[in-house]
Peer 1: 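Okay, here's the structure, questions in a sec.
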Amino acid sequence: MTIPLKTGSRVGIIGGGPAGSFAALHLLHLARQRGLKLRVQIYEPRDFSRPGPAGCNRCAGVLSSRLVRGLETLGISIPSEVIQTAIHAYAIHLDGEMITLHQPDESRKILSIYRGGGPAHGSGDLPPSFDAFLLRQACARGAQHIPHRVHRVRLQNGLPVLYTREAQTPVDFLVVATGINSRPPLEASFGYRPPPCEQMMQDEVSLPANWASGEVHAWFPPPAWLTFGALIPKGRYLNVSLLGKHIPRGGIRDFLDRINLPGIDGRERLCGCQPRIATGPAKGYYGDRWVVVGDAAFSRLYKDGIGAAFYGARVAMRTAIEQGIHRQAFHRFYRPHCRQVIRDNRYGRALYALWHLTLRIRPLRQAWLRAVLAERRLPPQRRIHERVLWGMLTGDESYRSLLLQALSPSAVFPVLKQFITQKRGIP
Ligand SMILES: Cc1cc2nc3c(=O)[nH]c(=O)nc-3n(C[C@H](O)[C@H](O)[C@H](O)COP(=O)(O)OP(=O)(O)OC[C@H]3O[C@@H](n4cnc5c(N)ncnc54)[C@H](O)[C@@H]3O)c2cc1C
């Protein structure tokens, strides 16, 4: 049975993080094109202007160029005061060498932002929040912000009913965008199961005076418990992000002490949180009159979660407007998009496995490093290892494309050549 959205349909969006605001923006944009007038309400209790974890959806805050381009299709450009730093280079530290990767071209713009009001123990003016900016955009285009938490959602006579402390509200269509760091309020009959996840650790320190402008720094190989550690400039601060299995309690301090960069004091802790990151898809993420978007449904592996929320919400809302809000419509038109992201994440896992293998085997690591350094003599468009690394670090290209490039003869042969040269002891 087809269930369409009609003029006057009431849409309840739970969560006003990026996925919730994107869902509202796409829905209102597509509805306007069809002459539909919807009543869209976004439930979000968090005050994004507050500093520290209370006002923040806990992320490193790097926006990919594909997200920036996507926002432009909705007529949204990020105001300069929300942008903390335009990132144009990644410096990789490996075996005492530092390789600097530069933005491949002007169109691949990477930006850093604050999700909330900046670090808990920062000083001076609070930076404006990206999440607050998006929510304001959704409201300016017709959504209504309800500053309350939804405690429970039940299905009554086929309609989702949202329970807050203040009211019970039946809606024609429910969009769940609650992310992965809080318990979704759906009752068991929805059959929803949240995605698997891993724990990360973050903090902020002051930006040293001599920090090269717009440069992210990443360290390989990190301590055994760490998959990846990076320092990301955000205005007056540096975000420290660690991803790994079983990160010890003092992980940030340990990491900063190991890298021992001048101007960074491992004892300085301006914020601190241990958020989760989605590593697989949710189960049962759509049904009649409801759909889950953003991290609570699926995301890209380790990178560009906000970009994934944008494009996922676009497909889900296009389905709702063009095909209807019944299970079958989401199954036919939204699920394939999720499967495509998940398939690409598999390539991502293979790419990370290859990368970790290369880093773990010392002769291979050295051969790879020499190949990357030798590549510097080539024009930028022919530096294949640089391109793969840039894509891996920024989430700017599909994992499939990156893996194919990493395994191509023009990437593999230079490493083999360096490996053989090393074995023969040729300097
Ligand atoms: C350490 C770390 C670093 C990351 N770095 C990046 C990065 O640099 N770039 C990037 O693109 N992605 C990054 N991500 C991923 C990114 O944070 C997520 O993909 C993104 O936040 C997903 O958006 P969302 O709206 O689905 O969820 P969230 O951002 O978590 O938003 C969910 C919202 O729902 C609200 N909510 C929850 N429950 C309820 C309820 N019951 N009622 C009402 N409201 C509710 C919450 O208050 C919250 O505002 C990172 C993740 C982690 C953990």
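Along the sequence shown, residues are numbered consecutively beginning with 1.
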Peer 1: Above 12 or not: heavy atoms from other molecules or residues under 6.0 Å from CZ of R10?
Peer 2: yes
Peer 1: Are the charged groups of R66 and D304 less than 4.0 angstrom apart, N to O?
Peer 2: yes
Peer 1: Could you pull out every donor-acceptor pair under 3.5 Å between side chains of residues 231-244 and any protein atom, sequence neighbours left out?
Peer 2:
{"residue": "K234", "atom": "NZ", "partner": "A60", "partner atom": "O", "Å": "2.9"}
{"residue": "K234", "atom": "NZ", "partner": "I113", "partner atom": "O", "Å": "3.1"}
{"residue": "R236", "atom": "NH1", "partner": "S123", "partner atom": "O", "Å": "2.6"}
{"residue": "R236", "atom": "NH2", "partner": "S123", "partner atom": "O", "Å": "3.1"}
{"residue": "R236", "atom": "NH2", "partner": "D125", "partner atom": "O", "Å": "2.8"}
{"residue": "Y237", "atom": "OH", "partner": "S123", "partner atom": "N", "Å": "2.9"}
{"residue": "Y237", "atom": "OH", "partner": "S123", "partner atom": "O", "Å": "3.3"}
{"residue": "N239", "atom": "OD1", "partner": "S241", "partner atom": "OG", "Å": "2.9"}
{"residue": "N239", "atom": "ND2", "partner": "Q202", "partner atom": "OE1", "Å": "3.3"}
{"residue": "N239", "atom": "ND2", "partner": "E204", "partner atom": "OE2", "Å": "3.2"}
{"residue": "S241", "atom": "OG", "partner": "Q202", "partner atom": "OE1", "Å": "3.1"}

Peer 1: Taking atom types as modelled and ignoring hydrogens, do the side chains of Q103 and Y90 form a donor-acceptor contact shorter than 3.5 angstrom?
Peer 2: no
Peer 1: Between L174 and L162, is the side chain to side chain contact (heavy atoms under 4.5 Å, CB included) condition met? List the steps.
Peer 2: CA-CA 9 Å; L174 167 68; L162 278 53; 3.8 Å; yes
Peer 1: Give the minimum heavy-atom separation between Q199 and I247, together with the two atoms involved.
Peer 2: O-CD1, 4.2 Å
Peer 1: Under 4.0 Å between a Lys/Arg side-chain N and an Asp/Glu carboxylate O for E187 and R154?
Peer 2: yes
Peer 1: Does a salt bridge link E375 with R382, judged by any charged N lying under 4.0 Å from a carboxylate O?
Peer 2: no
Peer 1: Do R152's NZ or CZ and the ring of Y163 fall within the cation-pi criteria of under 6.0 Å and 45°?
Peer 2: yes
Peer 1: Of L134, I13, D131, which is the lone residue that meets side-chain contact (heavy atoms from CB on, under 4.5 Å) with S21?
Peer 2: L134
Peer 1: Count the heavy atoms belonging to other residues, nucleotides or ligands that lie under 6.0 Å from CZ of R376, then report whether that count exceeds 12.
Peer 2: yes
Peer 1: For F298, what residues pass the ring pair (Phe, Tyr, Trp, His ring centres under 6.0 Å) criterion, not counting sequence neighbours?
Peer 2: Y334, H337
Peer 1: Throw together a table of side-chain donor-acceptor distances under 3.5 angstrom for residues 24-35, partners on residues two or more places apart or in other chains.
Peer 2:
{"residue": "H26", "atom": "NE2", "partner": "F310", "partner atom": "O", "Å": "3.2"}
{"residue": "H29", "atom": "NE2", "partner": "Q33", "partner atom": "NE2", "Å": "3.4"}

Peer 1: Looking only at non-hydrogen atoms, find the nearest pair between F22 and A313 and report the distance.
Peer 2: CB-CB, 4.0 Å
Peer 1: Would H93 and H217 count as a ring pair (Phe, Tyr, Trp, His ring centres under 6.0 Å) if you check the C-alpha gap in whole Å, the side-chain angles of each, and the deciding distance to 0.1 Å?
Peer 2: CA-CA 7 Å; H93 297 255; H217 283 240; 5.0 Å; yes
Peer 1: Testing the basics here: between L63 and L67, what is the closest heavy-atom pair and its distance to 0.1 Å?
Peer 2: CD2-CD2, 3.7 Å
Peer 1: Is W290 close to F190 at the side-chain level, that is, under 4.5 Å between some pair of heavy atoms?
Peer 2: yes
Peer 1: Of all residues at least two apart in sequence or in a different chain, which pass the side chain to side chain donor-acceptor pair (under 3.5 Å) check with N345?
Peer 2: none
Peer 1: Show me, pair by pair, the donor-acceptor contacts under 3.5 angstrom made by side chains of residues 269-276, not counting sequence neighbours?
Peer 2:
{"residue": "R269", "atom": "NE", "partner": "D203", "partner atom": "OD2", "Å": "2.3"}
{"residue": "R269", "atom": "NH2", "partner": "D203", "partner atom": "OD2", "Å": "2.9"}

Peer 1: Keeping to residues at least two apart or across chains, list the ring-ring contact (aromatic ring centres under 6.0 Å, His included) pairs with something in residues 133-154.
Peer 2: none
Peer 1: Does the T7 side chain pair with the main chain of K37, one donor and one acceptor, at a distance under 3.5 Å?
Peer 2: yes
